[in-house]
> 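Got a structure for you, written out below as structure tokens; questions coming shortly.
Residues: numbered from 1 along the sequence shown. In listed order, ligands and their atoms are each counted from 1.
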Amino acid sequence: MQNMVDGVLYKNTVKTLTAVAESINLDKDVLVRLLKPRRAFIVSVPVRMDDHSIQVFDGYRVQHNQTLGPCKGGIRYHPSVNMTEVAALAMLMTFKNALLHLPLGGAKGGVCVDPSKLSETEMQGLTRRYTTEIHPFIGPERDIPAPDVGTSPQTMAWIMDTYSQKEGFSIPGVVTGKPLEIGGSLGRVSATGLGSIYALRAACEKTDRSLEGMKIAIQGFGNVGSHAAMSAHERGAKIVAVSDVIGGIHNSNGLDIPKLVEHYEKNRSLSDFPDTETLSNADLLELKCDALLPAALDSVIHEENADKIKAEIIVEGANGPVTGAADKILSENGKLIIPDILANGGGVIVSYFEWVQGLAAFFWTEEEVNHRLHSIITNAFDRVWSFSQSQKCTMRDAAMAVALRRLEAAMQLRGLYPR
Ligand code: NAD
């Protein structure tokens with residue numbers, strides 16, 4: 001696991017963990033165990049391409065900690081996926097699940113691949129072979145994958161089918177984020193974006209602001225970004241800019257989000273949307289607005305641009321969008337950051353609901369799902385807010401501290417096997 005020490009996200013996560021552990025005097029035995037993942041797998045994923053050649057991709061799955069329950073975490077298909085990144089994301093999942101009081105541990109997986117370059121047949125081949133390679137280590141009681149960047153409900157359907165074929169019967173509980181027809185949950189697709197807006201609204205309530213009329217810029221118009229945009233728009237906020245990998249669009253009076261969603265679904269592009277100016281991803285981050293919601297990739301706010309961020313509130317829709325150095329600058333500039341393990345917790349919360357509904361074979365309405373999502377995320381927000389106010393620390397450190405206290409108690413109760 002030596003190569004893990006190179007990645008920015010991994011370094012930042014370990015640095016925050018170590019600093020917060022010291023500040024709350026976390027049990028040293030707990031800390032040394034949390035600094036390393038429990039298991040990390042690298043697998044080769046050979047795929048028969050459409051031209052009949054074989055390409056071999058690198059696949060990963062890291063199970064960081066299982067103290068609170070089965071491991072849980074997404075699967076990412078992206079060219080930047082590597083062991084370091086997957087390990088950091090798995091670690092963040094452990095803290096996120098602990099913070100949200102979910103009975104789940106932390107994991108993450110991925111394949112180093114550019115999914116836009118694969119045909120559907122190649123994607124299916126890649127997914128089924130990756131599932132075969134990690135099959136011995138996943139399952140409803142062991143480790144339950146979900147979608148992340150570059151994967152979708154269809155990917156989860158292929159994983160569920162491959163796993164079920166190997167076991168000989170249908171096992172929907174092996175993944176979450178499935179299509180509704182095969183045991184998915186209502187509200188799962190919108191959960192992360194909606195949850196991030198529930199968290200932003202909770203922050204508004206604590207700081208005498210109103211979500212209504214608030215100007216928000218969103219980087220990334222995929223699952224998280226588009227649903228955050230829609231949820232905020234429905235609650236009266238003005239989405240002044242959005243972007244995808246190509247670039248962004250801007251209108252200081254607010255974009256018509258329902259029409260934009262339609263436009264994007266039809267054209268797979270933000271360009272040519274009426275009454276907008278184009279702007280780069282870098283400019284979007286520095287736009288004059290009340291709240292900024294990075295919902296694409298990690299480390300997009302760093303030492304060089306942190307000082308130029310004008311938004312008062314930063315909602316981390318993506319995992320790790322603010323580097324450690326940027327975090328310090330933003331906090332010194334008085335910005336309120338709602339950290340990823342809280343702000344984007346909606347996805348894993350409704351994934352947990354999907355797993356529970358699947359095990360019970362009894363499904364809830366979308367209203368029930370959203371009501372329970374709201375309750376879990378606002379309760380977690382309150383815990384983090386209270387800690388940060390009483391200890392005079394940032395929301396990021398507070399979120400980590402609250403999660404660590406819960407893990408510490410559970411790890412001490414379970415003890416160390418064999419002794
Ligand atoms: P997605 O693949 O649906 O969307 C990603 C978006 O980011 C797309 O609009 C893409 O065009 C854009 N993008 C990609 N590269 C970019 C770049 N270099 N610059 C700017 N934009 C770029 O992914 P998603 O599921 O929305 O996930 C986004 C982030 O949220 C990731 O960090 C992911 O780990 C995190 N997250 C997702 C969920 C979930 O439920 N989907 C849950 C928790 C956290």
> Which of the numbered atoms in ligand 1 are under 4.0 angstrom from any heavy atom belonging to G150?
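Answer, ordered by atom number: 2 (O).
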
> Report yes if some N/O of D148 lies less than 3.5 Å from some N/O of ligand 1; otherwise report no.
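Yes; the residue has a nitrogen or oxygen that sits under 3.5 Å from a nitrogen or oxygen of the ligand.
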
> Looking only at N/O atoms, are N223 and ligand 1 under 3.5 Å apart anywhere?
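Yes, N223 has an N/O under 3.5 Å of an N/O on ligand 1.
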
> Can you check whether G225 has an N/O within less than 3.5 Å of an N/O in ligand 1?
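No - when backbone and side-chain N and O of G225 are compared with those of ligand 1, no distance drops under 3.5 Å.
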
> For atom 28 (C) of ligand 1, which candidate among A191, A318, A295, G345 holds the nearest heavy atom?
A295

> Applying salt bridge (charged side-chain N to carboxylate O under 4.0 Å, His left out) as the test, list every pair that has at least one member in residues 81-101; sequence neighbours left out.
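Qualifying pairs: R76-E85.
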
> Less than 3.5 Å apart, any donor N or O on the side chain of T176 or K72 sitting next to an acceptor on the other?
yes

> Which protein heavy atom lies closest to atom 7 (O) of ligand 1, and at what distance to 0.1 Å?
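Answer for atom 7 (O) of ligand 1: A296 CB, 3.3 Å.
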
> Going by the closest heavy atom to atom 15 (N) of ligand 1, which one wins out of D340, L297, L285?
L297

> As a check for students: among S190, G222, S152, S243, identify the option with a heavy atom nearest to atom 4 (O) of ligand 1.
G222

> Quick one: do D382 and K206 make a salt bridge, cutoff under 4.0 Å?
yes

> Below 4.0 Å from any atom of ligand 1, is there a heavy atom belonging to M93?
no

> Determine the interplanar angle of the W385 and F381 rings, folded into 0 to 90°, and report it as parallel if under 30°, tilted if 30 to 60°, perpendicular if over 60°.
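Parallel, since the angle between the ring planes stays under 30°.
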
> Quick check: does V245 get an N/O under 3.5 Å from an N/O on ligand 1?
yes

> Start with the C-alpha gap between N281 and S243, add the side-chain angles, then the distance that decides, and say whether side chain to side chain donor-acceptor pair (under 3.5 Å) holds.
CA-CA 6 Å; N281 263 298; S243 67; 2.6 Å; yes

> Would K108 count as a polar contact of ligand 1, with the cut-off being nitrogen or oxygen pairs under 3.5 Å?
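Between K108 and ligand 1 (N or O atoms, distance only) the closest approach is not under 3.5 Å.
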
> Given K266 and E262, is the salt bridge (charged side-chain N to carboxylate O under 4.0 Å, His left out) satisfied, shown in steps?
CA-CA 6 Å; K266 202 163 133 212; E262 247 176 61; over 6 Å; no

